[in-house]
Each structure stands twice: as structure tokens, then as C-alpha cells.
Amino acid sequence: MMGITTTLFLAAAIQVAPTQTAPAQLLISPERAEIEVTETAQLTLTARDGAGRALSDVLVRWIASTPELASVDQSGVVTALNPGMARITAVVDGTPTSVSVVIRALPPAELRASVGTDMPYAGQVVPVRVAAFNRLGEPVDDPELTWTSSNASVAAVDAAGLVFARSAGSATISISGAGVLTDTEIQVRPDPGMSYALQPMQSRVRTGDVIRFSATAEASGGGVIQAFPEWSLSGVGAQIEDERGEGVFVAEEPGTYRVTARMGERDVVSGVVIVEARGADAELIQVGRGGIAEHHSGDVWVFEGVDGRDYAYIGTFMWDWMKVWDVTDPSNPVLTDSLQLDARRINDVKIHPNNRLGIVTREGASSRRNGMVFLDLSTPAHPTILSEYTETVTGGVHNVWISGEHELVYAVHNGTRAVHVIDISNPEAPHEVGRWGIDNQQRSLHDVMVQDGYAYVSYWDDGAVILDVGAGTHGGTPTTPTFVSQFKYPIGNTHVAWRYGKYLFVGDEIFPAGWEADKAIHARGYIHVLDVSDIENPVEVAKYEVPEAGAHNVWIEDDKMYVGYYQAGLRVVDISGELRGDLYKQGREIATIQTTDDQTTTPNWSMAWGAQIFKGRIYSSDLNSGLWITELKERPRVVF
């Protein structure tokens with residue numbers, strides 16, 4: 001969840017020394033600027049009194065209200081960072097006024113063309129793919145291009161870059177855009193008499209199921225010929241995408257769809273897909289409650305103590321206690337203790353795999369020495385403080401991940417905005433043994449998860465960063481992380497990442513300006529699904545987005561994703577099989593429950609934090625209402 005530091009910073013930003021004469025009017029010029037990425041614009045503020053006279057020596061505080069798009073220094077110089085509509089605010093005597101700055105994307109400076117084959121047979125169609133890059137070497141999305149052929153009787157090309165091989169000979173395909181030109185040579189071979197086939201010809205599936213179509217070509221004398229099908233689809237409610245020649249189909253709506261592969265200028269093959277509604281497969285049944293209405297709750301971790309009983313530890317937000325619940329009888333949680341710490345926020349709670357050591361994170365300590373607190377769990381119903389580690393993490397720790405195998409903690413430090421690696425082999429004397437941070441002075445770090453030798457780091461506007469921490473693929477070790485890859489998107493706010501199979505599930509968190517913890521918070525953000533089969537090149541292939549709500553933490557187990565979706569409550573999503581498209585619209589959501597009742601700080605408003613699966617039950621915390629224990633009751637699936 002967002003920290004209170006943002007609110008404090010904005011409050012500080014608008015508390016400026018008063019001028020002798022309070023301005024009656026504030027004007028920024030120009031009222032609307034337009035610049036390209038990397039360019040600058042000078043903004044000037046004029047303050048006037050009630051008589052319309054310009055005031056001199058006015059103290060102005062410039063703020064970039066959309067820092068992901070532009071920055072501004074205290075002289076009013078705006079620097080464009082990313083395309084979009086940036087908002088720049090000037091504050092005088094606590095009074096803000098704003099203007100918009102239009103930031104245009106940099107045009108292409110280089111075009112790179114690639115063709116499936118530069119020696120097609122007459123009668124084939126072959127796509128030409130073009131990658132465009134600006135002068136900074138960054139990719140340019142959807143550039144406007146013009147396509148021409150030097151000899152259309154040999155090889156013609158349409159406005160989308162599809163080449164039609166017509167007769168034996170050679171032709172040059174030229175591509176231009178924004179004054180940049182590239183070309184590729186095509187050598188057309190004689191038609192060998194081709195026939196075409198499509199597999200599968202007919203399929204019956206549910207919404208959300210992915211089907212891969214393959215189209216093949218064969219010469220009349222025998223022998224397979226490489227085909228380059230152009231895929232299309234009849235009807236709405238489904239999609240088909242080309243992936244290395246295959247047609248990848250998935251539907252959001254039930255219906256009958258015809259999939260067509262265009263193989264030549266006059267040759268097509270097609271198949272039929274019958275899609276039925278996926279239908280809800282389960283329901284969430286409330287088993288027990290540990291209601292907390294006197295303050296806001298944070299993260300929860302559930303474990304079996306050394307005494308053989310089960311416990312749930314819950315952190316707090318804007319409160320200095322960690323709650324201890326005995327959940328051995330999940331229908332009747334019992335609060336056994338509360339541990340007070342010097343903190344305004346105990347965001348994260350983690351338990352070592354040996355169940356003898358606990359770690360809680362601190363933010364907002366009155367001593368300004370935050371860090372981590374290590375707990376002795378010899379008596380888990382009444383944990384005691386074993387030690388503290390603040391030496392290199394005084395700025396506050398937001399989240400941690402424990403590697404029991406290596407006796408290490410990976411800590412997210414608010415001060416350095418880096419991942420600190422802490423040796424806990426002697427938990428009474430922890431010490432730092434490594435550190436890694438992205439090379440960006442504006443970076444903001446939020447979360448870390450370690451799995452199978454890789455660390456998945458949520459770096460807010462810098463996206464999800466993957467590090468080698470012992471996988472051995474990129475020279476990293478558990479104490480010396482090395483960079484593997486990065487995936488970021490324009491909106492930023494990358495908050496959490498969880499690896500499952502070949503996918504990385506990345507959640508972004510967006511809170512409205514001026515949100516208040518004791519009121520309804522209209523959060524936004526959703527789960528991005530990245531295919532990390534090629535771990536150096538993550539590709540977004542799907543998403544899970546609940547309308548008018550915001551995602552928070554996830555837990556994934558047995559092909560099911562459990563999401564604390566803030567005001568949309570706890571959600572369970574089927575992530576079995578291959579994933580493509582919009583999982584919510586496909587009906588892959590199988591169960592939900594609103595985590596709110598009369599034991600809450602904010603009536604009628606869920607703020608589900610996350611979930612953990614433990615001994616067949618789901619343990620969740622809610623920012624407003626504390627502990628929830630539910631059970632997933634599955635219904636029999638219809639098998640086609």
C-alpha cells in the first residue's frame with residue numbers, strides 16, 4: 001500500500017512562507033506548452049493583487065503533478081520525460097494553480113525491417129515487420145508508415161505491410177515514415193503448386209481457453225513449405241494473434257467463431273471454434289473472523305508454531321501494534337497478544353521457514369531508526385523481541401523476503417530505495433552482506449519476492465526488475481544480485497510481482513490524490529500477466545482487471561490466483577493452462593467475497609490487503625476490518 005510519505009511531502013510542498021501581500025490572482029504562462037520528450041519549456045508565474053498589480057518577490061513552489069511524464073525545477077523549467085498530458089502546479093501561499101504541458105513522443109529516427117522469408121513462392125503472402133526507434137534508441141509504437149514496391153507484378157505490398165508474391169522475379173519493398181527510409185529485397189520463386197491445411201478444423205472450448213491454430217502448405221510434388229498465414233476472425237468477443245506463424249485464439253464471450261488463415265492472395269483456409277461460458281467454479285465461504293475495528297490493519301502471515309498450534313500475525317497501518325491470533329480453530333480466532341513497537345506502520349510480517357524466527361518491518365519510528373524487528377517465537381502466542389536491525393536501513397523497511405536456505409533477508413529500504421541483503425545466520429546480530437538498486441535517481445522501491453534463484457523486484461515507475469540471486473544464469477549469487485531484465489509500462493506504480501510457472505503476475509497500485517485512510521479509498525490498478533519463458537525478454541500476454549477497483553497483494557497456488565483487490569474484496573482467479581487476453585472478461589474469476597462487516601473502521605468499504613493459503617484455508621487481512629478466514633468450496637466442472 002502507498003506510504004504516508006507522499007501525503008507528508010505534498011503537505012510540506014504547499015507550506016511556504018507568506019508574502020507581504022497575499023496574491024488575488026495567479027497566472028502561469030504559457031497556459032499550454034507543447035514539447036517533445038527530452039525537450040524543456042520555461043514556465044513563468046505572475047501573481048497579482050486585488051487591484052491587478054503584479055507582485056514581486058513572490059515565493060513559488062513548482063510541483064510536477066504527473067512526475068511520470070515530466071519534471072520541473074524551482075525556476076519553472078519543465079523537462080519532458082514520457083509522452084502524455086503533463087500537469088505542472090505552482091503553489092504560492094498555499095494556493096495552487098496548474099497548467100497542462102503536452103508531451104509528444106519522439107518520431108522514428110531508424111526503421112528496421114524483417115521479413116519471414118525473402119524468397120517466397122509465387123502465390124504466397126508474407127508479412128514484413130518493422131521496428132521503429134527514436135533518436136534515443138527507444139522503440140516507437142505504431143509509427144505511421146508508407147509501403148511501396150518497385151515491381152508490383154512480382155511482389156505487391158499493401159498498406160499494412162503484407163507482401164503478395166505474384167510471379168517469379170525480384171522486387172524491392174520500401175518502407176518510409178517521418179522522413180526515415182528502409183527497404184528489403186524480395187526474390188520470388190515459381191509457384192510449385194501449393195495446397196493448404198489448417199489444424200484444428202473444429203474445436204469446442206470455454207471462454208478463456210487458448211487454442212493454437214497452425215496453417216501448413218505443401219507442394220504438389222510433396223514436401224512441406226513454410227507458410228506465413230495472416231489470421232482473421234469472424235464475430236466479436238474473441239481475439240486471435242499471430243505468434244511465430246501460429247494463430248493464438250481466446251474468447252471472452254460464448255459463441256461460434258470462424259478462424260481464417262489467408263495463405264495467398266486468393267487462398268484461404270478456415271476452422272470453427274464453438275465457445276461456451278466458463279461459469280463460476282467455486283464460492284468463498286466465511287469460516288472465521290478476527291475483527292479489528294479500532295485501527296487499520298496491514299500484512300498477515302500464518303504459520304504453525306513450535307507448540308503445534310496455528311497462528312496469524314497481523315501488522316498495522318498508522319498504529320504501533322502487531323496483533324497475534326491463535327487460529328488453531330479457524331472458526332474461532334483468539335487474540336492472544338499484541339506486541340507494541342516504536343512505529344507508525346508495521347507493514348510487513350514474515351516468518352522464517354523454521355517457524356522459530358519472525359520479522360516485522362517498521363516505518364515512521366519516533367527515533368527515526370526504523371529497520372526490522374526480529375521476534376523470538378519460542379512461545380508463539382506471546383512473541384518477544386529478539387533483536388533489531390537498523391544500521392543500514394534507518395529510513396524504513398516496507399517489505400522483506402526471507403530466504404531460509406541461505407539465512408538471508410532481502411529488505412526493501414525506503415531510504416536508499418534499494419534491496420538490502422541481510423545475513424541472519426545469527427539473528428541476534430544481523431548484518432548487511434549485499435545491496436542492489438536500479439540506476440535511476442528518481443527510483444521508488446516497493447516489494448521483493450525470491451524464487452528459484454531469481455528476485456522479482458517491484459520498482460514502481462521503473463516496473464518489474466528481475467535479478468539473478470543464485471540462479472546462476474547471469475552471474476548472480478544470493479548476496480550479489482545481478483540484473484537480468486526489466487519490464488515497465490507508462491502508468492508505472494508497479495507494486496507487487498509473483499512468479500508462477502512461466503508467468504510473472506505484476507500488480508500496479510494507484511491511489512487517488514488526497515486519499516484519507518479513515519474514508520473510502522477509490523483505488524485503481526490491475527494485474528499484468530507477463531510471459532517470462534525468455535527471462536531476458538518478458539512479454540505481457542494477459543491481464544486481470546476488476547472494473548472500478550484496485551489490486552493489491554497476490555498469492556498463487558494450485559493454478560489459482562488469490563488477490564486482495566482492495567474495495568472489490570478477495571478474488572480467486574483460475575490461471576490454469578495458457579493465459580491470453582482479459583481474464584476478468586473471460587470469466588476466469590471463480591469466487592469472490594467482500595471483506596467488510598460491522599467490525600470495521602470504514603463502514604461498507606472493503607480494503608482487502610491480500611491472502612495466504614494455509615492448511616486448505618485462505619487467510620486474508622483487510623485494511624479496515626482485520627482478519628478474514630475463508631474456504632474455497634469448488635463445484636464440479638462440466639467436461640466437454
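The first residue of the sequence shown is numbered 1, and numbering continues consecutively from there. Small disclaimer: the values here were computed from a predicted structure and weren't measured.
More than 12 heavy atoms of other shown residues, nucleotides or ligands fall within 6.0 angstrom of atom NZ in Lys543. Under a cut-off of 6.0 angstrom, the local environment of NZ in Lys502 is crowded, with over 12 non-hydrogen atoms contributed by other residues, nucleotides or ligands. In the displayed structure, Lys615 atom NZ is contacted under 6.0 Å by more than 12 heavy atoms of other residues, nucleotides or ligands. Atom CG of Asn604 sits in a sparse spot, with 12 or fewer heavy atoms from other residues, nucleotides or ligands closer than 6.0 Å. No more than 12 heavy atoms of other residues, nucleotides or ligands shown are found within 6.0 angstrom of CD on Gln442.
For residues 578-604, no pair satisfies ring-ring contact (aromatic ring centres under 6.0 Å, His included), with sequence neighbours left out.
When only modelled atom types and interatomic distance are considered, Ser606 and Tyr565 share no side-chain donor-acceptor pair under 3.5 Å. No donor-acceptor contact under 3.5 angstrom links the side chains of Arg617 and Thr630, judged on distance only. Counted by atom type alone, Tyr500 and Asp559 present one or more donor-acceptor pairs between their side chains at under 3.5 Å. Side chain to side chain, Asn537 and Asp534 meet the donor-acceptor criterion of an N or O pair below 3.5 Å. Side-chain N/O atoms of Asp320 and Gln340 include a donor and acceptor closer than 3.5 Å. In the model, His446 has no side-chain atom that pairs as donor or acceptor with a side-chain atom of Asn493 under 3.5 Å. Defined by atom type and a distance below 3.5 Å, a donor-acceptor pair is present between the side-chain atoms of Glu363 and His398.
Here Arg499 does not pair with Asp452 in a salt bridge; the nearest charged N to carboxylate O distance is not below 4.0 Å. A salt bridge does not link Glu138 to Lys488: none of the charged side-chain nitrogens sits closer than 4.0 Å to a carboxylate oxygen. Using a 4.0 Å cut-off between a side-chain N of Lys or Arg and a carboxylate O of Asp or Glu, Glu509 and Arg524 do not qualify as a salt bridge.
The CG atom of Asp342 sits 6.0 Å away from atom CZ of Arg362, with the distance rounded to the nearest 0.5 Å. With rounding to the nearest 0.5 Å, the separation of CG in Leu583 from CD in Glu545 is 11.0 Å. Note: His295 NE2 to Asp518 CG = 12.5 Å, rounded to the nearest 0.5 Å. Atom CG of Leu357 and atom CZ of Phe374 lie 6.5 Å apart (nearest 0.5 Å). Between the CD1 atom of Ile466 and the CD atom of Glu536 there is a distance of 10.0 Å, given to the nearest 0.5 Å. One distance of note links CD1 of Ile285 with CD1 of Ile618; it measures 10.0 Å at 0.5 Å rounding.
Classified by interplanar angle (parallel below 30°, tilted 30° to 60°, perpendicular above 60°), the ring pair Tyr454/Tyr456 is tilted. Using bins of under 30°, 30° to 60° and over 60° for the plane-to-plane angle, the ring pair His552/His495 lands in the tilted bin.
When side chains are defined from C-beta on, Asn82 does not count as touching Ile103, because their heavy atoms never get closer than 4.5 Å. Looking only at side-chain heavy atoms (C-beta outward), His296 and Met607 stay at 4.5 Å or farther from each other. Contact check for Trp628 versus Leu570: no side-chain heavy atoms found under the 4.5 Å cut-off. The shortest side-chain heavy-atom distance between Lys560 and Glu634 falls under the 4.5 Å cut-off. Proximity of Val419 to Pro481: side-chain heavy atoms (C-beta onward) are nowhere separated by under 4.5 Å. Counting heavy atoms from C-beta on, the side chains of Ile438 and Gln486 come closer than 4.5 Å. Counting heavy atoms from C-beta outward, Phe505 and Ile575 have side chains that approach closer than 4.5 Å. For the pair Phe511/Tyr566, a side-chain contact is recorded, criterion being any heavy-atom separation below 4.5 Å from C-beta on.
Judged by distance alone, with hydrogens and angles left aside, the side-chain atoms of Tyr257 form a donor-acceptor pair with the main-chain N or O of Val236 at under 3.5 Å.
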### Message
Phe249 vs Val273, test: side chain to side chain contact (heavy atoms under 4.5 Å, CB included). Steps then yes/no.
### Response
CA-CA 9 Å; Phe249 170 94; Val273 184; 3.6 Å; yes
### Query
Yes or no on side chain to side chain donor-acceptor pair (under 3.5 Å) for Tyr544 and Glu589, after CA distance, side-chain angles and deciding distance?
CA-CA 9 Å; Tyr544 171 66; Glu589 185 176 85; 2.4 Å; yes
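Summarising the geometry of Pro538 relative to Leu530, their closest heavy-atom pair is CB-CD1, 4.3 Å, with the distance given to 0.1 Å. In this structure, Met318 and Ala517 approach most closely via the heavy-atom pair SD-CB, 3.8 Å.
Checking each of Asn347, Val349, Val360, Val409 against Val400 for a side chain to side chain contact (heavy atoms under 4.5 Å, CB included) leaves exactly one that passes, namely Val409.
For an aromatic pair to be called close, the ring centres must be under 6.0 Å apart, and Trp555 with Trp609 fails this. Aromatic ring centres of Phe303 and Tyr313 lie closer together than 6.0 Å.
Cation-pi geometry between Arg345 and Trp319 is not satisfied (NZ or CZ under 6.0 Å from the ring centre, within 45° of the ring normal).
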